[in-house]
Engineer: 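The following block contains the structure, expressed as structure tokens.
Fair warning: this is a prediction, and the values are worked out from it, not measured in the lab. Residue numbers start from 1 in every chain, and the chains themselves are labelled A, B, ... in the order their sequence lines are given, proteins ahead of strands.
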Number of protein chains: 4
Amino acid sequence: MARARPADGSARERILVAAEELFAAGGFDATPTSRIAERADVPKGLVHYYFRRKADLLTALVERLPDERIETAKVVVPGDIAQSLRRLVAELDRRLSSSVMLSHLLWREADTHTGVRDALQDRYQQLVAQVRAVILAAGVGGLAVADIDSASGLLALAVSYRHSVARHAVDEGPDEMERELEFIASALTARASERGAGTGDELGGALKPGQ
Amino acid sequence: MARARPADGSARERILVAAEELFAAGGFDATPTSRIAERADVPKGLVHYYFRRKADLLTALVERLPDERIETAKVVVPGDIAQSLRRLVAELDRRLSSSVMLSHLLWREADTHTGVRDALQDRYQQLVAQVRAVILAAGVGGLAVADIDSASGLLALAVSYRHSVARHAVDEGPDEMERELEFIASALTARASERGAGTGDELGGALKPGQ
Amino acid sequence: MARARPADGSARERILVAAEELFAAGGFDATPTSRIAERADVPKGLVHYYFRRKADLLTALVERLPDERIETAKVVVPGDIAQSLRRLVAELDRRLSSSVMLSHLLWREADTHTGVRDALQDRYQQLVAQVRAVILAAGVGGLAVADIDSASGLLALAVSYRHSVARHAVDEGPDEMERELEFIASALTARASERGAGTGDELGGALKPGQ
Amino acid sequence: MARARPADGSARERILVAAEELFAAGGFDATPTSRIAERADVPKGLVHYYFRRKADLLTALVERLPDERIETAKVVVPGDIAQSLRRLVAELDRRLSSSVMLSHLLWREADTHTGVRDALQDRYQQLVAQVRAVILAAGVGGLAVADIDSASGLLALAVSYRHSVARHAVDEGPDEMERELEFIASALTARASERGAGTGDELGGALKPGQ
DNA sequence: AATGAATGAGACTTCATTCAT
DNA sequence: AATGAATGAAGTCTCATTCAT
């Protein structure tokens, strides 16, 4: 075996990348560490040198999850919920595109590995909060709390679904997403105006974004 | 090993039940056939007698998926979309409750086993179609095709999510579902009335349910 | 691999024999199960089929220890302690000769494996009791309890030593044993007569052999 | 890893101490060099820097064996064999107490490592010679060579047993030792007087201690 | 039809040892 | 002199699968 120096990335890094790809493709259990070593072009022993147990690979992978926090101000178009959300989704897409496999992997292994599950839930919660924050910031006023919750939940669901699980489902493409997004946005504003003012449950200024 | 009496189920049946539970709990790869035999209380050899390859167990499991087709008429409350959907979801819940594990299992193994993936997609498509059919049947008139698509997609997503994947997510409980359902229903009607009549893209009678 | 039917002993038996020899020769830890399989001429998997964990081999070996209980009456020559002990030792030698390796092995692994240690201690205790019983049965009368205890302990030590540990020590051969045995026997009788009668601590009839 | 200061012992020394403890506790084969490094609080590489092969640790350990030669004159009480032996044993106990682990270790590994075996045998021979020398020096006269040999052998056995192997056996405590010692001593004198003078096999001055 | 012994490929993991620095 | 990354051989154990009965 000639291989010796890092080549493009450190050996450790190459191992992680290989693991991510193989886990995502075939599942954690079905992927032998030997195949990971092979793909990373490192000797088998090195995999266990860096990650004593196979599960440590998963842990390390989870810790590599990019922080997908997006500054609300950057995407919000005041007064236009649909456009704001559209820009949020676009930004999320851009950021997450690098980790679709990883995200997908998480869904598969969440049952069996605590810690993976936790990371997954955190991520989802963060997503909901972000959507919520954008809706509020773009908010036209007069929105009911419950409606915002529903809208955030549904959109987060759709986004998360596309990024993590969609592999199995019929490939809906971006059109579907756009349509649903628009539906949600319009629904929000429609409901707002329909209610007129002062139903009592609309938002005051006190609502802290992200909570 | 004295065990013999078919008693509560044939040996074959017991094996399948055991496999379903174990696969769902730990994943396909992580579940040894020996443990399946053990749980089914059958000799180890019998598992392979009925299912020569381990994957055959998965195949058989998929074929056992209950038909969840629900007669539209049974749940529709004409003129009341929200109520109609609510009854649809309740009925789905009732039927699917017996196969949550199985459903969940399918998500996990869909990547690796064609046939599982196919079954999963069929199921999802069927679900969308059903929601759609109900919306149409309860339909207040003046609904845009795009809106119906979006609404069906979102609700199907929420339902499917709860039944198959939700195990990992924060337990939202039925309230969340109800709120989202209501949001979608109101959105639909709100948008309908808002558009008034005759925008040209509302539904004719031609739309075939299930397509 | 053609091998199939038991040949000379059952496969299980051959595995145990191979394990005993190899463990005794090289120690438990230094002996790979693969070499055991090789020597027993069975496929590697079969070793683990019968003995799931390597340590189970040790356990099984311990359970195979022959019962070395010898009927006191058979060896005792009344009135002649030396001859009685000589015959006891001869009989023990005859019985144990088949398990010297095993005995030796036990000493080595007693530290690390409870259960091995227990078996070893039981064996030793049994040995002491047996020597004691023979001395009593051959007893010339007027023996002090303490002397009998000492004599039993010392002889048991010498025997046990020869059978289990002696491999490392200078090979003393049977002559040494004979000399020590005679020394002990004469010492006993010498001490008895020297004390004369009635020092008060000699044995009554109440002393239960084996206790 | 800040560790640096030689403080209580040089790194090499700390490694040896750690090795001794771990080998004695778990056996040579079962003890990874990495654990030795850990316990000695030195980097893993340093262990192999000082001791290229793992077996070198054993060799070095053997060479560290304290010289247990005791000056005969220091313990002998002329005319009183029992007391002389008692003092010898006490002195041996005092010296050896620091190396019980090491002694024990030697027994375990003697099979597999020549050199360890040799050291062990030397030690034992030395012990026998020492007991012999003490008996002679305290000697009451009229002792038969064979008796002295037997007595030396038995006592050496008992001592060696306590120091090296006794870990497994029922804990007999010092009382047992004392009783056996006394038994041997009395036996010697009893036999001596019993024989009276001139059986012809008593000792001349020729017997070289240590042989 | 049913069973459990038997098989062997291969998984994960450990570890002594080497080597570049 | 000292270190820790790197290596690969080997070990234990698991398991799907086959086979004789």
Engineer: What one-letter contact string describes nucleotides 16-21 of chain E from 5' to 3', where B marks a base within less than 4.0 Å of any protein heavy atom, S marks contact via sugar-phosphate atoms alone, and - marks no contact?
Structural biologist: SBB---

Engineer: Write down the distance between CD (B:E38) and P (F:dA16), rounded to a whole number of angstrom.
Structural biologist: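 For the pair B:E38 CD and F:dA16 P, the rounded distance is 13 Å.
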
Engineer: Grab the CG-P distance between D:L46 and F:dA5 for me, whole Å please.
Structural biologist: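 Rounded to whole Å, this separation is 15 Å.
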
Engineer: Measure from the side-chain heavy atoms of B:P43 and tell me the nearest of E:dT3, E:dG8, F:dG8.
Structural biologist: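 Of E:dT3, E:dG8, F:dG8, E:dT3 is nearest to the side chain of B:P43.
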
Engineer: What is the distance from CG of B:D56 to C1' of F:dA16, rounded to the nearest Å?
Structural biologist: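 These atoms are roughly 12 Å apart.
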
Engineer: Looking at A:F28, is its backbone amide N or carbonyl O close enough to the side chain of A:K54 to form a donor-acceptor pair, meaning the two atoms are under 3.5 Å apart?
Structural biologist: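 Looks like yes, one N/O pair under 3.5 Å.
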
Engineer: For F:dT7, does either OP1 or OP2 sit under 4.0 Å from a side-chain N or O belonging to A:Y49?
Structural biologist: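 No, because none of the side-chain N or O atoms of A:Y49 sits under 4.0 Å from OP1 or OP2 of F:dT7.
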
Engineer: Rounded to whole angstrom units, what separation is found between the CZ atom of C:F23 and the C1' atom of F:dT12?
Structural biologist: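 In whole Å, F:dT12 C1' and C:F23 CZ are 12 Å from each other.
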
Engineer: Could you go through residues 29-37 of chain D and list every donor-acceptor pair under 3.5 Å that involves a side-chain atom there, pairing it with any protein atom two or more places apart or in another chain?
Structural biologist:
unit_1	atom_1	unit_2	atom_2	d
D:T31	OG1	D:L22	O	3.3
D:T31	OG1	D:G27	O	2.7

Engineer: Could you go through D:L65 and D:L106, starting from their C-alpha distance and side-chain angles, then the distance that decides it, and tell me whether this counts as side-chain contact (heavy atoms from CB on, under 4.5 Å)?
Structural biologist: CA-CA 10 Å; D:L65 275 175; D:L106 296 187; 3.6 Å; yes

Engineer: For A:R12, what residues pass the salt bridge (Lys or Arg N to Asp or Glu O under 4.0 Å) criterion, not counting sequence neighbours?
Structural biologist: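 Salt bridge (Lys or Arg N to Asp or Glu O under 4.0 Å) list for A:R12, sorted by chain: empty.
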
Engineer: Distance check needed: F:dC13 P versus C:I36 CD1, whole Å only.
Structural biologist: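 One finds 11 Å between P of F:dC13 and CD1 of C:I36, rounded.
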
Engineer: Rounding to an integer number of Å, can you tell me how far A:L57 CG sits from E:dC12 P?
Structural biologist: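 Computing the A:L57:CG to E:dC12:P distance gives 10 Å.
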
Engineer: Applying salt bridge (Lys or Arg N to Asp or Glu O under 4.0 Å), name anything that partners A:R39, two or more places apart in sequence or on another chain.
Structural biologist: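 Applying salt bridge (Lys or Arg N to Asp or Glu O under 4.0 Å) to A:R39 gives A:E21.
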
Engineer: How does DNA chain E look in dot-bracket form if you count Watson-Crick and G-U pairs under 3.5 Å, write [ ] for pairs that cross, and put | where a base pairs with another strand?
Structural biologist: .||||||||||||||||||||

Engineer: Please state how far atom CZ in A:R12 lies from atom P in F:dT7, giving the value in whole angstrom units.
Structural biologist: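 After rounding, the reported distance stands at 16 Å.
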
Engineer: Restricting to salt bridge (Lys or Arg N to Asp or Glu O under 4.0 Å), what partner residues turn up for C:R52, sequence neighbours left out?
Structural biologist: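 So C:R52 forms no salt bridge (Lys or Arg N to Asp or Glu O under 4.0 Å) with any residue.
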
Engineer: Any salt bridge linking A:R117 with A:D111? Criterion: basic side-chain nitrogen under 4.0 Å from a carboxylate oxygen.
Structural biologist: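 Judged by the 4.0 Å cut-off on N to carboxylate O distance, A:R117 and A:D111 do not form a salt bridge.
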
Engineer: Tell me the interatomic distance from B:I15, atom CD1, to F:dA16, atom C1', rounded to whole angstroms.
Structural biologist: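 Spelled out: CD1 on B:I15 to C1' on F:dA16 is 15 Å.
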
Engineer: For C:T59 and C:R53, run side-chain hydrogen bond (donor to acceptor under 3.5 Å, both in side chains): C-alpha distance rounded to whole Å, both residues' side-chain angles, the deciding distance at 0.1 Å, then the answer.
Structural biologist: CA-CA 10 Å; C:T59 308; C:R53 328 242 125 230; over 6 Å; no

Engineer: Between B:E38 and B:K44, is the closest basic N to carboxylate O distance under 4.0 Å?
Structural biologist: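 Looking at B:K44 and B:E38, the cut-off is not met.
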
